[in-house]
Chemist: 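Take this structure, written in structure tokens, and hold onto it; I'll ask about it next.
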Amino acid sequence: MTTNKDPQDKEPGKAEQPTKNSGSSGVGIMKRLRRSASATEHNLSSLRNRKSTQNLFDQHGNPIDLRQYRKVLDKDENGNGTNGSEKKLRYRRTQSVTRAEEISNKEEKQRRAQPGRPIHRPRDSLFSWSSGFTNFSGLVNWGFLLLCIGGLRLGLENLLKYGIRINPLDWFFFISGHNEGEGHNALILSIYSLVHISLCLAVEKGLAMEIIAEGLGLFIQIVNIVVLVCLPVVTIHLKGHAFSLMGASTVCFFYSVLFLKLWSYVQTNMWCRQTYYQKNPRERRPSITLAELKKGVLNGGEEDEDVSKLVQYPDNLTYKDLLYFLCAPTLCYELNFPRTSRVRKRFLLKRLLEVVIGVNVVMALFQQWIIPSVRNSLIPFSNMDVALATERLLKLALPNHLCWLCFFYLMFHSFLNAVGELLNFADRNFYCDWWNANNIDTFWRTWNMPVHRWCVRHLYIPVVQMGYSSRQASTIVFLFSAVFHEYLVSVPLQIYKIWAFMGMMGQIPLSAISKSIEKKLGPRMGNIIVWASIILGQPLCIMAYYHDYVVQHFKNSLNGTDYSS
């Protein structure tokens with residue numbers, strides 16, 4: 001028996017002969033193949049992976065056809081498939097599905113070949129999730145058109161019932177406080193805030209120069225900003241008749257923003273001071289602009305001459321730096337804000353025009369639509385007539401929501417972008433896509449980015465670092481926000497209720513409900529819950545405060561109030 005042949009002496013068409021060792025190995029494998037019951041994984045592993053039968057011969061020199069032994073090769077020592085029964089099961093299922101598709105395709109071809117010209121095929125309805133259809137832009141246009149028609153009908157009804165109530169002269173009197181208050185108390189109180197600003201800067205300089213002890217300095221700063229935010233409450237409570245409603249609202253809003261900014265200013269300088277004196281490890285660092293990252297510090301610390309150097313602590317403790325921060329459209333202080341290279345005049349002009357037009361639109365909606373609806377809700381709300389009060393609430397929801405949307409665009413896009421353009425402030429992320437929020441938490445994190453960043457940076461993270469859980473920190477943030485919402489409403493109106501506070505604290509259980517609905521019914525239903533809370537929650541709060549305001553300030557004339565639908 002010849003087990004080894006010269007490759008050059010082999011017959012044409014035959015594969016190359018194996019060596020003696022390989023031939024004897026082949027004989028052993030063939031014997032084991034004939035005794036398939038004793039075949040093992042170790043002996044057959046090389047044959048299983050073989051894609052060709054070249055160089056494989058039996059003891060007689062005949063090529064071995066592995067297809068004859070595939071069943072033996074595909075079994076392990078226990079008689080199971082190589083990759084287990086699960087793989088074989090999936091393989092059989094795949095074969096069955098493929099076979100079913102082949103049968104279906106053949107039937108389809110046969111049906112199409114019929115002389116009756118069939119036109120039907122397996123398809124799902126478009127409103128079924130299994131259809132995969134997502135283009136509902138036509139229905140969106142229909143809903144928008146229907147909303148516009150409904151709004152126009154309500155507007156026409158308002159015009160026919162009350163006539164044209166729009167009077168720009170009344171807007172001027174309201175904004176300027178004409179015939180309200182005594183003198184210019186709101187302006188004087190706003191100018192007085194420079195005392196608190198100067199004291200804050202002086203203390204920071206004393207701390208930087210180590211003239212004032214750290215504990216004493218922080219105590220003075222805390223007392224300063226607490227007195228700052230409490231000053232409007234005391235002043236308006238003692239001399240409320242000296243302030244107009246618009247003046248009191250402006251003062252409260254201005255002092256609230258100043259409170260948040262000075263808090264950020266003090267805390268950021270404290271972080272810088274800890275690094276500057278190396279008392280604590282570095283926890284915060286001054287921010288640098290994108291241009292400075294690309295052009296500034298390069299090649300292991302070598303600075304580019306074209307890029308201005310960053311301001312370092314304590315060189316930032318100047319009136320110019322502090323006043324820029326107080327005017328900038330942000331609540332979070334940094335030593336080096338990102339800056340733009342120029343002012344875009346056309347962009348700035350567009351934003352200023354939007355501010356002028358937006359203010360007039362909001363005032364017109366208030367005077368023509370909201371004020372009559374709120375006045376007519378007084379009697380049903382006082383008598384606790386649920387049906388009529390609900391009707392008033394729904395009637396007030398549309399104009400109030402339109403005013404809220406106009407105010408959002410006016411404040412967060414037009415006004416803040418105009419201020420940022422004037423001050424070359426480059427970070428214009430004043431809002432995110434809150435309209436796509438699937439739960440209440442997402443809405444509050446996206447609709448007012450300056451406040452959200454302040455809460456995360458100066459309240460949420462420090463509270464978590466103190467050892468509280470994230471849920472407890474979120475509750476503290478909502479509590480802080482609820483206090484300031486109540487502050488901005490109750491102090492100007494001089495009615496100290498808790499409706500705005502309860503409305504904000506009610507966002508905590510509403511957040512859990514919206515998350516549960518999002519999880520069980522999908523993100524679309526979660527988004528509907530968010531919109532429903534926005535559309536219906538605000539009118540209810542307005543009606544409650546208007547009722548309390550009238551009862552407290554016009555109690556004697558309340559009996560003569562007429563209700564008209």
Side-chain angles (χ1 to χ4, degrees), residues 193-194 196-198 200-201 203-205 207-208 221 225 254 256-276 282-298 303-345 347-348 351-352 355 411-432 445-446 448-462:
S193 64
L194 291 173
H196 296 275
I197 296 171
S198 302
C200 178
L201 180 61
V203 173
E204 285 299 325
K205 286 186 175 181
L207 288 170
Q221 294 288 37
I225 61 176
F254 174 74
S256 299
V257 173
L258 190 60
F259 170 82
L260 298 177
K261 285 184 178 254
L262 291 183
W263 181 326
S264 178
Y265 186 77
V266 171
Q267 195 167 19
T268 303
N269 281 301
M270 181 187 69
W271 293 332
C272 294
R273 194 161 51 250
Q274 291 172 351
T275 302
Y276 184 74
R282 188 184 187 92
E283 296 181 357
R284 296 293 189 277
R285 63 184 63 186
S287 64
I288 57 178
T289 64
L290 183 61
E292 289 164 340
L293 282 173
K294 292 181 178 179
K295 302 178 182 178
V297 182
L298 300 173
E303 297 182 356
D304 195 335
E305 295 179 355
D306 297 333
V307 178
S308 59
K309 294 182 179 179
L310 296 176
V311 176
Q312 301 293 334
Y313 183 84
D315 297 335
N316 63 305
L317 301 177
T318 61
Y319 260 112
K320 180 181 178 181
D321 180 84
L322 179 55
L323 290 178
Y324 177 85
F325 167 59
L326 295 179
C327 296
T330 180
L331 298 175
C332 295
Y333 176 71
E334 294 183 7
L335 276 69
N336 299 275
F337 290 105
R339 302 289 189 95
T340 57
S341 58
R342 64 185 181 89
V343 176
R344 297 170 291 177
K345 296 180 181 179
F347 178 85
L348 177 61
R351 302 290 82 79
L352 292 177
V355 170
M411 174 59 69
F412 290 94
H413 184 76
S414 303
F415 179 73
L416 292 182
N417 265 297
V419 174
E421 196 68 26
L422 285 172
L423 299 177
N424 296 106
F425 190 82
D427 186 2
R428 308 293 177 82
N429 181 224
F430 304 123
Y431 55 90
C432 294
R445 287 196 300 264
T446 53
N448 188 341
M449 294 308 296
V451 173
H452 171 68
R453 290 195 188 96
W454 188 95
C455 290
V456 172
R457 186 192 192 203
H458 296 288
L459 196 59
Y460 180 84
I461 293 178

Chemist: Tell me, please, which residues at least two apart from His452 pass side chain to side chain donor-acceptor pair (under 3.5 Å).
Modeler: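 Listed in chain order: nothing, the list is empty.
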Chemist: Looking at Cys327, is its backbone amide N or carbonyl O close enough to the side chain of Lys261 to form a donor-acceptor pair, meaning the two atoms are under 3.5 Å apart?
Modeler: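 Checked: no pair found.
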Chemist: Do the non-hydrogen side-chain atoms of Gln221 and Leu262 ever get within less than 4.5 Å of each other?
Modeler: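 Side chain of Gln221 against side chain of Leu262, heavy atoms only: no contact under 4.5 Å found.
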Chemist: To the nearest 0.5 angstrom, please state how far the SG atom of Cys200 sits from the NZ atom of Lys205.
Modeler: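 It is 11.5 Å, given to the nearest 0.5 Å.
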Chemist: Can you confirm whether the side chains of Trp271 and Gln267 place a donor and an acceptor under 3.5 Å from each other?
Modeler: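 Result is no, nothing qualifies.
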Chemist: Rounded to the nearest 0.5 Å, what separation is found between the CG atom of Leu201 and the CG atom of Asp321?
Modeler: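 These two atoms lie 9.0 Å from each other.
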Chemist: Given side chains that start at C-beta, do those of Thr268 and Leu335 come closer than 4.5 Å, heavy atoms only?
Modeler: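 The answer is yes; the side chains approach within 4.5 Å.
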Chemist: So which atom in Met449 and which in Cys432 form the shortest heavy-atom distance, rounded to 0.1 Å?
Modeler: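 Closest heavy-atom pair between Met449 and Cys432: SD-SG, 3.7 Å.
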Chemist: Tell me, please, which residues at least two apart from Tyr431 pass side chain to side chain donor-acceptor pair (under 3.5 Å).
Modeler: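 Result, side chain to side chain donor-acceptor pair (under 3.5 Å) vs Tyr431: His413.
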Chemist: Minimum heavy-atom separation for Ile225 to Phe259, with atom names?
Modeler: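 Nearest pair, atom of Ile225 first, then Phe259: O-CD1, 3.3 Å.
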Chemist: Measure across Leu352 and Ala418 and return the closest heavy-atom pair with its distance rounded to 0.1 Å.
Modeler: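 Here Leu352 and Ala418 meet closest at CD2-CB, 4.0 Å.
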Chemist: Go through the structure and list residues passing side chain to side chain donor-acceptor pair (under 3.5 Å) with Ser198, not counting sequence neighbours.
Modeler: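 Once residues adjacent in sequence are excluded, the partners of Ser198 under the side chain to side chain donor-acceptor pair (under 3.5 Å) criterion are Tyr319.
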Chemist: Does Leu310 offer a backbone N or O that forms a donor-acceptor pair with the side chain of Asn336 under 3.5 Å?
Modeler: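 It does not hold such a pair.
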Chemist: Could you tell me which residues satisfy ring-ring contact (aromatic ring centres under 6.0 Å, His included) with Phe425, sequence neighbours excluded, listed by chain and number?
Modeler: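 Applying ring-ring contact (aromatic ring centres under 6.0 Å, His included) to Phe425 gives Phe337.
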Chemist: With rounding to the nearest 0.5 Å, note down the distance linking CG in Leu326 to CG in Leu322.
Modeler: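 Nearest 0.5 Å value for the CG-CG distance: 4.5 Å.
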Chemist: Find the distance between CG (Leu258) and CH2 (Trp263) and round it off to the nearest 0.5 Å.
Modeler: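 The distance works out to 14.0 Å.
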Chemist: Asn424 and Tyr324: side-chain donor and acceptor closer than 3.5 Å?
Modeler: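 Judged by distance alone, the side chains do not pair up.
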Chemist: In terms of side-chain heavy atoms, does Asn269 have a donor or acceptor partner in Asn316 at a distance below 3.5 Å?
Modeler: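 On atom types as modelled, these side chains qualify, holding a pair under 3.5 Å.
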Chemist: So, for Pro329 and Val419, which heavy atoms are closest and what is the spacing to 0.1 Å?
Modeler: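 Between these two residues, the closest heavy atoms are CD-CG1, 4.0 Å.
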Chemist: Atom CG in Leu422, atom CG in Leu348: separation rounded to 0.5 Å?
Modeler: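 Reported value, rounded in 0.5 Å steps: 4.5 Å.
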Chemist: Hey, what's the ring geometry for Trp454 with His458, parallel, tilted or perpendicular (30° and 60° as the breaks)?
Modeler: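 Judged by the thresholds at 30° and 60°, the geometry between Trp454 and His458 is tilted.
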Chemist: Could you report the tightest heavy-atom contact between Ala208 and Pro314, atom names first, then the distance?
Modeler: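 In terms of heavy atoms, the two residues are closest at CB-CB, 3.8 Å.
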Chemist: Would you say the side-chain atoms of Glu204 pair up with the backbone N or O of Leu317, donor to acceptor, closer than 3.5 Å?
Modeler: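 Checked: no pair found.
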Chemist: Taking side chain to side chain donor-acceptor pair (under 3.5 Å) as the definition, give me every residue that meets it alongside Ser193, ordered by chain and number, with sequence neighbours left out.
Modeler: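 Partners of Ser193 under the side chain to side chain donor-acceptor pair (under 3.5 Å) test: none.
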Chemist: With rounding to the nearest 0.5 angstrom, report the OH to OG distance, Tyr333 to Ser264.
Modeler: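 It is 9.0 Å, given to the nearest 0.5 Å.
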Chemist: If every non-hydrogen atom of Leu331 is compared with every non-hydrogen atom of Phe325, which pair is closest and at what distance?
Modeler: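 In terms of heavy atoms, the two residues are closest at O-CZ, 3.7 Å.
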Chemist: According to the salt bridge (charged side-chain N to carboxylate O under 4.0 Å, His left out) rule, which pairs have a member within residues 414-427, sequence neighbours left out?
Modeler: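 Only Arg344-Glu421, Glu421-Arg428 qualify under salt bridge (charged side-chain N to carboxylate O under 4.0 Å, His left out).
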Chemist: For the side chain of Ser414 and the backbone of Val355, is there at least one donor-acceptor N/O pair under 3.5 Å apart?
Modeler: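 Pair absent, no side-chain N/O of Ser414 close to backbone of Val355.
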